[in-house]
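One structure is given below, encoded as C-alpha cells.
Order of listing sets the numbers, starting from 1, for every ligand and every atom in it. Excluded from the calculations below are hydrogen atoms, water molecules and symmetry mates; all remaining heavy atoms, backbone and side chain alike, are included.
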Amino acid sequence: AEVVKPYYYSVYLADYDVTAEVTPTERSAIFRFTFPEADSSYILLDAFDKGSMVKIIPSERKVIGYCRNNHGGVPENFHNYFVAVFDKEFTSAHTWNDKNLNLNDTDEEGDHVGAILGFKTTGGEKINVRVSSSFISPVQAMLNLEKETSGKDFDKVCSDAEKEWNSQLGRIKVEGGSDDQIRTFYSCLYRAMLFPRKFYEINEKDEIVHYSPYNGEVLPGYMFTDNGFWDTFRSQFPFLTLMYPELDSHIMEGLANTYRESGWLPEWASPGHRDCMIGSNSASLIADAYLKGIRGYDIETLWQGIMKNTDSVGPVSSVGRLGAKYYNDLGYVPYNAGINENAARTLEYAYADFCISELGEALGKPADEIEKFRNRAMNYKNVFDPGRKLMRGRNLDGTFQSPFSPYKWGDAFTEGNSWHYTWSVFQDTRGLVNLMGGNDYFTSKLDSVFDVPPVFDFSYYGIVIHEIREMQIMNMGNYAHGNQPVQHMIYLYNYAGQPWKTQYHVREVMDKLYNYLPDGYCGDEDNGQTSAWYVFSALGFYPVTPGTDQYVFGSPLFKKATLKFENGKELVINAPANDKKNFYVGEISLNGRELNRNYIKHGELMSGGDLFFKMQGEPVKNRGTEPDSYPFSMSDKK
Ligand code: CA
C-alpha cells in the first residue's frame with residue numbers, strides 16, 4: 001500500500017479509503033489526495049507543538065501559519081512559516097488545539113494548533129494542495145511556492161523531480177553487480193546527498209538570502225544546516241568535495257556566514273548551534289575543501305573562526321573547544337578535570353590541529369604558527385597508554401585513568417570505547433604503528449577488534465544505547481560499524497603491510513551490514529556518513545584522512561563504475577573479474593600504468609581516465625606491503 005521513491009511518495013490510508021501522495025521541489029511540495037464519494041471528506045492540518053498558528057482564508061482556498069517546533073538553540077523570533085493552497089473550495093473550515101475543536105473558526109494560535117478543511121467529494125476525486133515553507137516570512141513562503149510550483153500540476157512536478165534525481169544519482173554509474181547490490185548502492189548514494197539542508201531562500205529580487213538561525217536577522221548569502229560534523233567530516237563531506245565541489249563552495253560560504261552571525265563555526269547545526277557531540281571538526285571540512293582546490297568563499301573569515309576555536313570554550317559545549325586551556329597547556333584534556341569524553345576530545349583536537357597546519361601552510365600563514373599546530377597534532381601520543389597499547393583517559397597528574405576497561409563505552413570516549421577510539425589518529429597512523437611497536441603488533445591489534453567477544457560496559461550511559469546493541473548483534477567482535485568512530489579502521493591495514501585484510505573486511509561489511517530495505521543500516525544513518533562510507537567503499541577507495549589528497553584503496557564492489565565530475569572529466573573504474581569470491585586485489589593500474597601504492601590522489605581521480613583493479617580469489621601478500629606504498633602519515637612526511 002506504500003510507494004517510496006526519491007521524488008514521490010504514496011500511501012493508501014485504508015481506514016479512510018483515501019490515497020495520499022506527495023512530490024517535492026526544493027522548498028515546496030504538492031500533495032494529492034484521492035477521496036471516495038462523500039459529503040464529509042476532510043484534510044486535517046497539524047501545525048505541530050511548541051508554538052504554532054493557523055489562519056484559514058476560505059476565499060483564497062488557502063491556509064497560512066507557522067510552526068515553531070524546535071528544541072532550543074534558535075533566536076526568539078524563529079518560525080517555520082507555511083502556506084497551503086487548495087484547488088477546491090472548502091465546504092467547511094474549522095480549527096483545533098490540544099483541548100478544543102473550534103467549529104467554523106478560522107484563526108488559532110497556541111502551543112499546538114491545526115486546521116480542518118471539509119469537502120464534498122465524488123468517488124475518486126483528487127484534491128491537490130500546493131505547500132511551501134519559509135524561515136523568513138509568510139510572504140516569502142508564498143514566493144517560494146510561486147517560484148517552484150507555479151504553472152505545474154502534480155504530474156509535472158513529479159516528472160521534474162524524477163529527472164532531477166536521476167541526473168544527480170547519474171553522476172555515478174555502477175554496473176556488473178547483483179540487482180540488490182545496485183539497489184543498495186543507489187540507496188546509499190541518495191542518502192549521502194540529503195544533508196546538509198539548504199537553509200537559504202531566493203527573494204523577490206532573485207537574491208540569495210537566509211534567515212539567520214543565529215541572530216534572527218534576514219541576511220544576504222548562503223546558509224546550510226542540519227549537520228553533525230563529528231559524523232560527516234569522515235567521508236560525507238569528502239564525498240561532496242569529490243562529486244559536488246560547487247555545492248561545497250556554497251557550504252563553505254555558509255560556514256563563514258555562521259561565524260559572522262554567531263561568532264563561532266558550527267559543529268552541530270540544527271538549525272542553530274546545538275549542544276551535542278564533541279570535536280573541532282569544522283577545521284577538517286574547511287581544510288579538505290580548500291586543499292582540494294575548492295574556492296569561491298571567504299577563507300580568511302573561516303581561518304579566523306578556526307583560530308578562535310583553538311583557544312576558546314564556546315557558549316555551548318559543541319562549539320569552540322571544551323578543555324582548550326588544558327589541551328594547550330598539558331597536551332591533553334584530563335580525565336579528572338570535570339570534562340567528559342576527554343580522551344576523545346584530545347584525539348579529535350589533535351587531528352583538527354593537523355588540518356590547521358596543512359591549511360595554514362596553503363594560506364601562507366607564519367611558519368611558527370604552522371609549527372605550533374603541527375606539534376599539537378602529535379598530542380594523540382599523550383593519551384596512548386604504552387602498557388595496554390590503547391588510548392586511555394589521562395589524569396591531571398599524568399597517570400592514566402584507573403580502573404580502565406577498553407570495553408567501556410563513553411566516559412573518556414564518545415559513543416564508543418577504547419577499542420574504537422584507539423584508531424582516531426587519522427593524521428599519523430604510522431606514528432600509532434610506531435607507538436604500538438611495529439606492523440606486526442599493530443595489525444594483530446586491528447585483528448583483535450574483530451576477535452574479542454562483543455562484550456561491553458554501558459555504565460557511563462546507564463542504559464545499553466542502541467549503538468552498543470548494534471555492535472553486539474553484528475557478531476563481529478567489538479567492531480562497531482553502526483557508529484562513526486571506527487568506520488575508517490578497516491582501511492588501516494594498508495598502512496602496515498596487510499592490505500588484503502582491508503579488502504576482506506571491507507567486502508564483509510558491505511555484504512553483511514548494508515542493504516536497500518527498511519533495515520538496510522546497521523546504525524544511525526547520521527546525515528549520510530554511514531552511506532558515504534558505502535559509496536566510497538563500493539568504488540574501491542576511502543578518504544581516511546580528510547585534509548590530505550589521498551584516498552586509501554579497499555576492494556571495489558562492482559565490475560565497472562563511472563564517475564562524472566563537475567570539471568567534465570570521467571573516471572572509469574574497471575574490475576572485470578570482480579564477484580563474490582574474487583574480492584582480493586592483485587594489481588591496480590591508472591591509465592595503463594601500474595600503481596604500487598595503497599592510495600590514489602585527488603588530482604588523479606579528478607583528471608579522469610581508467611582505474612583498473614585486477615581481482616582474484618586469493619589474497620596477494622606481496623602487493624602494497626612495502627613502506628613506500630603506505631598512505632600518508634605525518635611521521636612519514638618528508
Ligand atoms: Ca552515530
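Within the sub-3.0 Å shell of the Ca ion (ligand 1), the protein contributes these N/O/S atoms: N483 OD1, Q484 OE1, D526 OD2.
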task: List the steps, then state whether salt bridge (charged side-chain N to carboxylate O under 4.0 Å, His left out) holds for K292 with D288.
output: CA-CA 6 Å; K292 286 175 181 163; D288 197 49; 2.8 Å; yes
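Here Q168 pairs with E164, Y244 under the side chain to side chain donor-acceptor pair (under 3.5 Å) rule; sequence neighbours left out. For V316, the side chain to side chain contact (heavy atoms under 4.5 Å, CB included) test picks out H273, D275, S318, V319, with sequence neighbours left out.
Remark: K389 qualifies as a cation-pi partner of Y441 under the 6.0 Å distance and 45° angle criteria applied to the six-membered ring.
Not less than 6.0 angstrom separates the ring centroid of F456 from the ring centroid of Y407.
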Atom pairs and distances, donor-acceptor, side-chain atoms in residues 186-193, under 3.5 Å, two or more places apart:
from : atom 1 : to   : atom 2 : distance (Å)
Y186 : OH     : I172 : O      : 2.8
Y186 : OH     : V174 : N      : 3.1
S187 : OG     : R183 : O      : 2.8

